[in-house]
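Structure first, then comments.
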Amino acid sequence: MKSDLLKPKEVAAVLRVSVGTLANWRHQGVGPRYLKLSPAVNAPVRYRDEDVTAYMRSGEQEVAA
């Protein structure tokens with residue numbers, strides 16, 4: 001079974017931001033949706049591929065004709 005869960009380092013590379021920026025976005029409640037793998041404060045974070053894609057699409061702008 002192929003996992004569609006991405007690590008922060010992978011998402012940072014796709015979005016061309018730092019892992020620290022992703023952490024700041026999570027703290028601020030912005031950026032792509034994410035999952036915590038347990039309720040612990042320092043639990044690993046993962047991102048669904050479709051959530052990262054949706055986040056990128058939400059930033060698309062229409063070109064005025």
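When each of Leu5, Asp4, Val52 is paired with Tyr47, the side chain to side chain contact (heavy atoms under 4.5 Å, CB included) condition holds for Val52 and for no other. Between Val17 and the choices Leu22, Val11, Asn24, the side chain to side chain contact (heavy atoms under 4.5 Å, CB included) rule is met once, by Leu22.
The heavy-atom pair separating Lys36 from Val41 by the smallest distance is NZ-O, 2.9 Å. The heavy-atom pair separating Ser18 from Ala12 by the smallest distance is C-CB, 3.9 Å.
With contacts defined as side-chain heavy-atom distances shorter than 4.5 Å, the pair Leu6/Asp49 qualifies.
In this view, Tyr34 satisfies the ring-ring contact (aromatic ring centres under 6.0 Å, His included) rule with no residue, not counting sequence neighbours. Residues satisfying the side-chain contact (heavy atoms from CB on, under 4.5 Å) criterion with Ala54, sequence neighbours excluded, are absent altogether. Partners of Arg33 by side-chain contact (heavy atoms from CB on, under 4.5 Å), not counting sequence neighbours, listed by chain and number: Asp51.
Looking only at distances, no side-chain donor or acceptor of Gln28 sits under 3.5 Å from a matching main-chain atom of Trp25. Put simply, the side chain of Thr53 never gets that close to the backbone of Glu50: no donor and acceptor are under 3.5 Å apart.
Counting heavy-atom neighbours within 6.0 Å of Lys7 NZ, excluding the residue itself, gives a total of 12 or less.
The hydrophobic cluster containing Val30 does not contain Val19, counting ILVMFWY residues as joined when their side-chain heavy atoms lie under 4.5 angstrom apart, directly or transitively.
Put simply, CZ on Arg46 and CG on Leu37 are 5.5 Å apart, with the number rounded to the nearest 0.5 Å.
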